[in-house]
A.B. asks: 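If you scroll down you'll find the structure; I have some questions about it.
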Amino acid sequence: MTQPLNTSNPAAAQANSIEDFEHNLASIKARIEAAARKAGRDPATIRLLPVSKTVPEARLRMAIAAGMDFLGENKVQEVARKAEMLSDVPGLKFSVIGSLQTNKAKFVAKFADEFQALDNLRQAEALQRRLEAEDRQLDVFVQVNTSDEESKSGLAPDEVQEFVDQLPQYDRLQVKGLMTLALFSEDKEAVRACFVRLRELRDALRESAPAGMKIEELSMGMSGDFELAIEEGATVVRVGQGIFGVRALPVSH
Ligand SMILES: *Cc1c(COP(=O)(O)O)cnc(C)c1O
């Protein structure tokens, strides 16, 4: 196995029954709890966001029956489609964790409860306008590129302060925290460095964010690296393959 630590390596076998989902969910929760205790943290301060991208309706319904009610998706149109398909499920919520073109802001405003990939003001502007039209609010995370890879979305760490200083004008957006994707690498310490960088940035912003804005959350860690992320302070971990099973295309699809 030469899979990088934080790509497809620790995927579960494909979950195909409610019992499979219950089992996978319990096992990820137990690992979250163990990682939290090891780091001297209260497990209740860490939210598991199951990432259901590419998973079709029948298996989604099993996941929901197993207790999942807040699902992460990286494609906006997939959220719109699934939200309509599953509109009979009471209380089901979606978090958009992938990049957003401004012309699709209306889908986020209408169907999502959270957007974790905010990284430019045109998005903020488009979301504000659409949220006003829907008369809704949206929780947002600012995405930060902590690995300096050109292929990754997100603001450079040194751009974040100036960016969040602009956000109070968009009063439909509730800024909750920061989100990152770590380096895809087998080098654990290089992965850890990304998480440390996000935490240090959050700590600095606690002091310097605009009045009334509480930047507390750290969304970091996926199936392959969530335990490391918890050691470094993650408050939201986004786990797809560890719950749903292996995907053909691990990260961006
Ligand atoms: C797909 C994805 C995840 C989950 O990845 P897994 O390897 O399936 O756990 C987390 N975050 C983002 C932004 C993703 O696109």
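Scope of the values below: all heavy atoms of this structure, side chains included, with no hydrogens, waters or symmetry mates.
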A.B. asks: I'd like to know if Lys82 pairs up with Glu57 as an ion pair, taking the criterion as any Lys NZ or Arg NE/NH1/NH2 lying under 4.0 Å from an Asp or Glu carboxylate oxygen.
C.D. replies: no
A.B. asks: Pairing donors with acceptors under 3.5 angstrom, does anything connect the side chains of Asp171 and Gln128?
C.D. replies: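 Distance-only check passes for Asp171 and Gln128.
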A.B. asks: Ignoring hydrogens and angles, tell me if any N or O in the side chain of Asp20 forms a donor-acceptor pair with the backbone of Ala15 under 3.5 Å.
C.D. replies: no
A.B. asks: Would Lys38 and Glu231 pass as an ion pair if we require N to O under 4.0 Å?
C.D. replies: yes
A.B. asks: Before accepting this row, confirm whether a basic side-chain N of the pair Arg31/Glu227 lies closer than 4.0 Å to the acidic partner's carboxylate O.
C.D. replies: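 Between Glu227 and Arg31 there is a salt bridge, with a charged N closer than 4.0 Å to a carboxylate O.
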A.B. asks: Can any side-chain N or O of Lys152 pair as donor or acceptor with the backbone N or O of Ala182 at less than 3.5 Å?
C.D. replies: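 Side chain of Lys152 to backbone of Ala182, a donor-acceptor pair under 3.5 Å: yes, one is there.
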A.B. asks: Where is the tightest heavy-atom contact between Pro157 and Asn145, given as atom of each residue plus distance?
C.D. replies: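 In this case the closest contact between Pro157 and Asn145 is CD-O, 3.4 Å.
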A.B. asks: Could you check whether any side-chain N or O of Gln123 sits under 3.5 Å from a backbone N or O of Asp119, counting only pairs where one atom can act as donor and the other as acceptor?
C.D. replies: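 Yes: the side chain of Gln123 pairs with the backbone of Asp119.
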A.B. asks: What I'd like to find out is whether the side chain of Leu100 reaches to under 4.5 Å of the side chain of Leu127, using heavy atoms alone.
C.D. replies: yes
A.B. asks: Test side chain to side chain donor-acceptor pair (under 3.5 Å) on Ser52 and Glu73; report intermediate values, then the result.
C.D. replies: CA-CA 6 Å; Ser52 55; Glu73 290 282 346; 2.7 Å; yes
A.B. asks: So, the side chain of Arg238 versus the backbone of Gly72: is there a donor-acceptor pair under 3.5 Å, distance only?
C.D. replies: no
A.B. asks: Take Phe226 and Ile28, measure what side chain to side chain contact (heavy atoms under 4.5 Å, CB included) needs, and give me the verdict at the end.
C.D. replies: CA-CA 10 Å; Phe226 70 86; Ile28 296 289; 4.1 Å; yes
A.B. asks: Is Gln161 reaching over with its side chain to a backbone N or O of Asp158, donor-acceptor style, under 3.5 angstrom?
C.D. replies: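 No; judged by distance alone, with no hydrogens or angles, the pair does not exist.
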A.B. asks: Considering all heavy atoms of both residues, which atom of Val144 and which atom of Thr180 are nearest to each other, and what is their separation?
C.D. replies: O-OG1, 2.7 Å
A.B. asks: Between Arg197 and Thr146 (side chain of the first, backbone of the second, donor and acceptor by atom type, cut-off under 3.5 Å), is there such a pair?
C.D. replies: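 Yes; judged by distance alone, with no hydrogens or angles, the pair exists.
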A.B. asks: Would you check if Phe141 and Val236 make a side-chain contact, meaning some heavy-atom pair closer than 4.5 Å?
C.D. replies: yes
A.B. asks: So with a 6.0 Å cut-off around NZ of Lys29, is the heavy-atom count from everything else above 12?
C.D. replies: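 No - once you tally the heavy atoms of other residues, nucleotides and ligands closer than 6.0 Å, there are 12 at most.
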A.B. asks: Indicate yes or no for a side-chain donor-acceptor contact from Arg199 to the backbone of Glu232 under 3.5 Å, with no hydrogens or angles considered.
C.D. replies: yes
A.B. asks: Should the heavy atoms of other residues, nucleotides or ligands under 6.0 Å from CZ of Arg130 be counted, would the total exceed 12?
C.D. replies: no
A.B. asks: Less than 6.0 Å separating the ring centroids of Phe244 and Phe21?
C.D. replies: yes
A.B. asks: Can any side-chain N or O of Gln14 pair as donor or acceptor with the backbone N or O of Val246 at less than 3.5 Å?
C.D. replies: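 Checked: no pair found.
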A.B. asks: For Glu149 and Ser151, does a side-chain donor sit closer than 3.5 Å to a side-chain acceptor?
C.D. replies: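 Checked: Glu149/Ser151 side chains show no N/O donor-acceptor pair below 3.5 Å.
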A.B. asks: Tell me if a side-chain donor or acceptor on Arg202 pairs with a main-chain N or O of Gly233 at a distance below 3.5 Å.
C.D. replies: no
A.B. asks: Is a salt bridge present between Arg136 and Asp113, judged by a nitrogen-to-oxygen distance below 4.0 Å?
C.D. replies: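 Between Asp113 and Arg136 there is a salt bridge, with a charged N closer than 4.0 Å to a carboxylate O.
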A.B. asks: Are the charged groups of Arg37 and Glu33 less than 4.0 angstrom apart, N to O?
C.D. replies: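 Counted as a salt bridge, because a side-chain N and a carboxylate O are separated by less than 4.0 Å.
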A.B. asks: Any salt bridge linking Glu114 with Arg47? Criterion: basic side-chain nitrogen under 4.0 Å from a carboxylate oxygen.
C.D. replies: yes
A.B. asks: Out of the candidates Val160, Ile215, Leu218, only one should pair with Leu201 under the side chain to side chain contact (heavy atoms under 4.5 Å, CB included) rule; please name it.
C.D. replies: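 Answer after filtering Val160, Ile215, Leu218: Val160.
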A.B. asks: Please indicate whether Glu189 has more than 12 foreign heavy atoms, meaning atoms of other residues, nucleotides or ligands, lying under 6.0 Å from its CD.
C.D. replies: yes
A.B. asks: Does any N or O in the side chain of Gln116 come within less than 3.5 Å of the main-chain N or O of Val140, such that one atom is a donor and the other an acceptor?
C.D. replies: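 No; zero donor-acceptor contacts below 3.5 Å.
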A.B. asks: Does a side chain donor of either Ser223 or Gln241 reach within less than 3.5 Å of an acceptor in the other side chain?
C.D. replies: no
A.B. asks: For residues Glu217 and Thr235, is any side-chain donor paired with an opposing acceptor at under 3.5 Å?
C.D. replies: yes
